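Scope of the values below: all heavy atoms of this structure, side chains included, with no hydrogens, waters or symmetry mates. Since the structure is predicted, the reported quantities are computational estimates derived from the model, not experimental observations. So that the names make sense, note that chain A is the first sequence line, chain B the second, and so on, each numbered from 1.
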Number of protein chains: 2
Amino acid sequence: MSEDRRRKRGPQARAARNDHALLEAARDVIAAEGAHASVSAIAARAGVGIGSLYRRYASKDALFQHLAVISLDQHLHAAEEGLEHDDPWDGLAHYVTSAISFGTAVLNPIAGTVDITDEMADKNTRSDRAVEELVRRAHDAGVLRPDVTAVDIALLIEQLSRSPLTEQLGYQGRADLNAAACNARSRIVAIALDGLRTGAPHALPGQPPGYELFTERWARPER
Amino acid sequence: MSEDRRRKRGPQARAARNDHALLEAARDVIAAEGAHASVSAIAARAGVGIGSLYRRYASKDALFQHLAVISLDQHLHAAEEGLEHDDPWDGLAHYVTSAISFGTAVLNPIAGTVDITDEMADKNTRSDRAVEELVRRAHDAGVLRPDVTAVDIALLIEQLSRSPLTEQLGYQGRADLNAAACNARSRIVAIALDGLRTGAPHALPGQPPGYELFTERWARPER
DNA sequence: ATAACCCGGAGCAATTCGCTCCGCAAACGC
DNA sequence: GCGTTTGCGGAGCGAATTGCTCCGGGTTAT
């Protein structure tokens, strides 16, 4: 086990890697289970003991708080990156796919457990503004269907960010299933994006998924 | 409280209504929280005591089992109804919207807790076949984009069936929020359907949603 | 009024939770 | 080489939550 952790030397490097793994694990588990996610599940998914978790974060709430700050940052960053694209559609699509891929999903589930600082509220406002600007640009360019609003897009992102349990199960030593889930999700996102867009459909990414993503215990006849 | 329950007379009528409310509540709560949903949450959402729940179902597992059977029936029924439409697109769209609206979402979360009878596996096979037929018809008619498979659609349905917590919160005496959530969801479904379809976008249903669906505690500046 | 019926929720044992604490292994100074 | 330091993992604690039982109270029919 420690073999994997020694690619960079020193205890500090391992600590940093653990910290990152913890945040990512927390994001995934919360996206799948909501705010009820247990610390032991998060630690297990990160491949870390709960002791290590509590050395870095004073409490579960502190972890969630930190996660909320980070997610808010990522969200704002994705929106601003979108505005940097010259092409209005590319900008909007970049924002939507980014927001879905790192879990904007965590923000709403844990919104009740963290306390929102002024700085966080400010970032939230700024990203809302940026998204509205992205939408306006796309509307003006005629590439986004005119009856879709920024709120529609926000809700779509929230809906598509929630992980089905499949991904969680797939993680435990089943990298193949995890990859299949990523592929399937990217196709769904592409479908939704084409639903937002005016004009002809755009080719779907990846390979068509098979039935393996559905719970195996749910007996599906071989075909 | 009992005033509301006496629209139809007699204890049997009330019992039947309770039973229906229980199943619907279980469906909603599971769609929002997964298989970890607690019986007390289900009973509370149905507006009945836990005693009444346990008079009708021997255990939590029994309730889940019954719910799985019913959902499987509804799912198969929706697919077969879709095949009865003459228009291939209408048939597919009917299936997708139906499957999303009553929670096909419950099936996968609870697949591990129920035991699957031969009859259930058979129904599952039949609905898979029916969906594939729906997809084939739509492909042949050229109304469904050719790179979308039946599995893509199944995964899309699963993703869109999962309820955000908003709806759960909205339920508790906030009919307005619940209606807003339904409206917002129907728009998202319509967007996804347009992403599946070839040709020009189809008008979105309902009214553009506002930000009220996001957790209120997540401070959004009034605009 | 009496009997039959069903509903709701307090309360029980068991499980799960967030969290603390301590024994252990790896890196460092000598 | 050996002690020191540092961070790790997980057994185990009390508290909270869980699935479930059981009984007092209210409603309907007679």
Output the rounded distance in Å from [atom1] ([X]) to [atom2] ([N]).
{"X": "B/Leu53", "N": "D/dC20", "atom1": "CG", "atom2": "P", "result": "9 Å"}
{"X": "A/Asp19", "N": "D/dG7", "atom1": "CG", "atom2": "P", "result": "13 Å"}
{"X": "A/Tyr57", "N": "D/dG7", "atom1": "OH", "atom2": "C1'", "result": "16 Å"}

A/Gly49 or B/Arg55, whichever maps to the more 5' nucleotide of DNA chain D:
A/Gly49

Within the sub-3.5 Å range, which N or O atoms of nucleotides 16-19 of chain C have a protein N or O partner, and how far apart are they?
| unit_1 | atom_1 | unit_2 | atom_2 | d |
| --- | --- | --- | --- | --- |
| C/dG18 | OP1 | A/Lys60 | NZ | 2.6 |
| C/dG18 | OP2 | A/Val39 | N | 3.0 |
| C/dC19 | OP2 | A/Tyr54 | OH | 2.6 |
| C/dC19 | OP2 | A/Lys60 | N | 2.7 |
| C/dC19 | O5' | A/Tyr54 | OH | 3.4 |

Under the criterion side-chain hydrogen bond (donor to acceptor under 3.5 Å, both in side chains), I'd like the reasoning laid out for B/Tyr95 against B/His75: C-alpha separation, chi angles, the key distance, then a yes or no.
CA-CA 8 Å; B/Tyr95 161 70; B/His75 190 249; 2.9 Å; yes

Walk me through it: do B/His77 and B/Asp73 pass the test side-chain contact (heavy atoms from CB on, under 4.5 Å)?
CA-CA 6 Å; B/His77 185 64; B/Asp73 278 343; over 6 Å; no

Residues which pass ring-ring contact (aromatic ring centres under 6.0 Å, His included) with B/Tyr57, listed by chain and number, not counting sequence neighbours:
B/His66

Do the side-chain N or O atoms of B/Arg56 get closer than 4.0 angstrom to the phosphate oxygens (OP1, OP2) of C/dC6?
no

With sequence neighbours left out, the residues meeting side chain to side chain contact (heavy atoms under 4.5 Å, CB included) with A/Ala25 are A/Ile42, A/Arg45, A/Ala46

Side chains of B/His36 and A/Glu33 only: does a donor on one sit below 3.5 Å from an acceptor on the other?
no

Using 4.0 Å as the upper bound for N to carboxylate O, is an ion pair formed by A/Glu133 and A/Arg129?
no

